[in-house]
Novice: 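Shown below is the structure under consideration.
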Amino acid sequence: MIQNLVIVESPAKAKTIGKFLGKDFQVLSSYGHIRDLSPHKFSVDIEHGYAPKYEIPTDKKKLVKDLKSAASSAEVIWLASDEDREGEAIAWHLSEVLDIKDKTVNRIVFHEITKPAIQNAIQNPRSINNDLVDAQQARRVLDRIVGFELSPVLWKRIKPSLSAGRVQSVAVRIIVEREREIAEFKTQSQYKTTAQFLLSDKKTILEAELNHKFSTEEEARQYLELCSKGQFKVRDIVKKPGKRSPAGPFTTSTLQQEAARKLGYSVAQTMRIAQKLYEDGHITYMRTDSMNLSALAINDLSNLIREQYGEQYLQVRKYHQKAKGAQEAHEAIRPTYVSKEKIAGTAQEKKLYDLIRKRTIASQMADMLTERTTIYIESEGLDHHFSALGEVVLFSGFYSVYKEDTDDDQPQEENTNLLPKVEINEALTLKEAKSTERFTQRPARYTEASLVKKLEELGIGRPSTYAPTIQTIQQREYVIKGDREGKKRNYVQLELKDKQINKTELTETYGADKNKLIPTDIGIVVNDFLVEQFGGIVDLNFTAKVEDEFDHIAEGKLQWNKVIDSFYKKFHPKVEEAASISKQEERVGERILGTDPKTGLQVSVRIGRYGPMAQLGTTEDEDQKPRFASLPQGKSIVTISLEEVLDLFAMPKDLGEFEGKTITIGIGRFGPYVRHNNKFVSIPKGTDPLDVTYEEAIELIKNKREAEEKSIIKIFDEEPDLQVRVGRFGPYIKYQGSNYKIAKGTDAQQLSLDDCKKIIEEAPKKKSRAKSSKTTKSKSSKKATK
DNA sequence: CAGTGAGCGAGCTTCCGCTTGACTT
């Protein structure tokens, strides 16, 4: 029998701690929360003080049973969940669920997984902080009320299965508002002037920029004309020391940002890889908002920097978290053994480890020191002056190990920009000058990582939820990760050379975007509805405000259910009101575009049961049922024109006969298609279905037939319904409309009819396949039933 | 897998934060 049972949150942590504590301690893990509100039921008793009804999730039942039996045979139980609101609640749930009436229950905490930290924790046990637990309950209940009251309003007013919540709805709002700023952005242009001067040796060139931008071409031209007569000289040379400091060690959000910028990983990908590194013992915990490093780690880092770079490169620093609502229960993300330069693993794991390691080392290194030189150039009688900037690195410091990227698309300016030697009052000859029209840049669309950064700044969401939140808003189709093609524009360049000014018109592409978060029609309509009806909840500062109240609860100054009550009394009537109107009474987000000149029927667009749609005619019209059409990819209910909608109703379009059957063009659930003899061929992306000619349609049909023929490996005369084919995932059997997987390593060519039938019979029974394909992506719902 | 969208109604969808695997295609 083991005397002491320690329970932590993560199994990897349990393993390490077990080693530190020795034989008298058994260390187990709770795998996060062990109890929660039911995923299907409201589970908050509004009438009785908002009492939450907790249950043990089915997939946690066995774990809780095991923990119980371990607890029953131990004398002292140490609850060592994280030192934050959630961790305190986990400890409390454990103390409630495990049968431990007559046992000693000690609550202990540590911020780092080191032997001294853990021994110290064991020396200083306390009891559970009930105020902190209450703050967590308030957070949990508030989120449940918001999510489970708001979402049904959306089902009723807009479309089923939608969702809203304190975090996700603000994330969507940020993206929708940015898109509006982009749409409303008025670009302006200014003329930026640069010049090349020759030094007195008549050979060396000095490049400089004018400290003024002209708003019109005329002004720029006049200035260049003055320049052509100017007598330039060096007015002053100013030298200033410059320095740059390293960024702090990684937290979850900064790791996600840098991994996206430097390695191109998605937020979810970064977390998956980091999880593996953590489990393999290479890095500390990856879900953290702290920049703290343990004394042990700082010691290791100091030794490494001294040895590999020298004493002058070492500068021990302490970083402080600026993010709102940070709870700092863990260390920063760092290598467990910084001396380990390379790890075993996949290429992705190695790259991420290297990034974490270099960032951690750099964080304890000296500043980079530079000397910045500015040469001021002027001519008598001329307003404004030119200046040439140079920067020389005097001491590289942390910069030799790691440099942080920025989100700007602009290339980084070079750091070592040497300037030629000049003297004050040295006469310079203007070799040439250019005045180029430059445009102001529209705000940038968010990437996954820059959205995480924004959310963190607002104190919305936690390290463990950034990646899932981004997944949710994409899954609900509020936002898609997409590309936008750049547009072309002309700009003017005036060139002064040999006393002549030449004007050229050049073209540039601008505004192209790749893999950026773009709101969908559904996202826009849902957001506008929420902003209008529930502005307080989707307010960017809502979380910060309630966090303040949670803090007061944690300090014992407020009662948690009173906080919830005053919120609910204001919130619930708004829910009732919003839910009292039906979809038919008021169509959220509907746009009426006009009337069809041919029929005189009303043309409108809105969000329908299956997404954005167009409607011809109205339901009030008794004589004529309305016609409907889905909006094709790339079209939006916000911007689509009457003409474009009328084109949609021109389908299905008859193209004529081929082999005795008619060819029709239409748009279905999976996009535009050509239909012939009950067979469908997709029309490739980028082609307007209305532009497809009779000849092109036949071409598409023939191509499809050819591809189909090629895909058939084997066919049996006795059973023409059964075919062995090869597809994207390799060979498979097609039989009566269903596909069957062929086991790896089987030679599909050699299969006999009997072999195939056997494979079909032995294939696992499919569960409600037809249903799951209709409700596009309801994977999460299946998990819950299991 | 491809002409859905009205209406009838049953039953379902939904939140945020802690944690890892177990699952197909």
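Below, each value reflects all heavy atoms present in this structure, side chains not excepted, and no hydrogens, waters or symmetry copies. We name chains A, B, ... by the order of the sequence lines, and we start the count at 1 in each one.
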Novice: Verify the stacking flag for A/Trp155 against B/dT13: centroid separation must be under 5.5 angstrom and the ring planes must differ by under 30 degrees.
Specialist: yes
Novice: Is A/Phe148 stacked against the base of B/dT14, taking the criterion as centroid distance under 5.5 angstrom and interplanar angle under 30°?
Specialist: yes
Novice: Which sits closer to the 5' end of DNA chain B, A/Ser163 or A/Ser464, going by the nucleotide each is nearest to?
Specialist: A/Ser163
Novice: Which of these nucleotides, B/dC15, B/dT19, B/dT13, is closest to any side-chain atom of A/Gln168?
Specialist: B/dC15
Novice: Just N and O in the side chain of A/Arg166: are any of them under 4.0 Å from OP1 or OP2 of B/dG17?
Specialist: yes
Novice: In this structure, are over 12 heavy atoms from other groups packed under 6.0 Å from A/Lys156 atom NZ?
Specialist: yes
Novice: Quick one, A/Ile90 with A/Ile34, criterion side chain to side chain contact (heavy atoms under 4.5 Å, CB included). Give me CA distance, side-chain angles, the key distance, then yes/no.
Specialist: CA-CA 7 Å; A/Ile90 289 172; A/Ile34 52 143; 5.6 Å; no
Novice: The side chain of A/His330 is closest to which nucleotide in this list: B/dG17, B/dA2, B/dT19?
Specialist: B/dT19
Novice: From B/dC18, B/dT20, B/dC15, pick the nucleotide closest to the side chain of A/Ile90?
Specialist: B/dC18
Novice: Spell out yes or no: do the side chain of A/Arg140 and the base of B/dC15 have one donor N/O and one acceptor N/O closer than 3.5 Å?
Specialist: yes
Novice: Of all residues at least two apart in sequence or in a different chain, which pass the ring pair (Phe, Tyr, Trp, His ring centres under 6.0 Å) check with A/Tyr285?
Specialist: A/Tyr278, A/His330
Novice: Return the polar atom pairs (N/O with N/O) between nucleotides 5-9 of chain B and the protein under 3.5 Å, or none.
Specialist:
residue : atom : partner  : partner atom : Å
B/dG5   : O6   : A/Ser630 : N            : 3.4
B/dG5   : O6   : A/Ser630 : OG           : 3.1
B/dG5   : N1   : A/Ser630 : OG           : 3.4
B/dG5   : N2   : A/Tyr610 : N            : 3.0
B/dG5   : N2   : A/Gly611 : O            : 3.4
B/dG7   : OP2  : A/Gln584 : NE2          : 3.4

Novice: Mind jotting down which residue pairs meet the side-chain hydrogen bond (donor to acceptor under 3.5 Å, both in side chains) criterion with at least one end in residues 133-149 of chain A? Sequence neighbours excluded, please.
Specialist: A/Asp36-A/Arg140, A/Tyr54-A/Gln137, A/Glu86-A/Gln136, A/Glu86-A/Arg139, A/Asp134-A/Gln137, A/Arg139-A/Asp143, A/Asp143-A/Arg166, A/Glu149-A/Tyr568, A/Glu149-A/His572
Novice: Could you check which of B/dC15, B/dC18, B/dG21 has an atom nearest any side-chain atom of A/Glu279?
Specialist: B/dG21
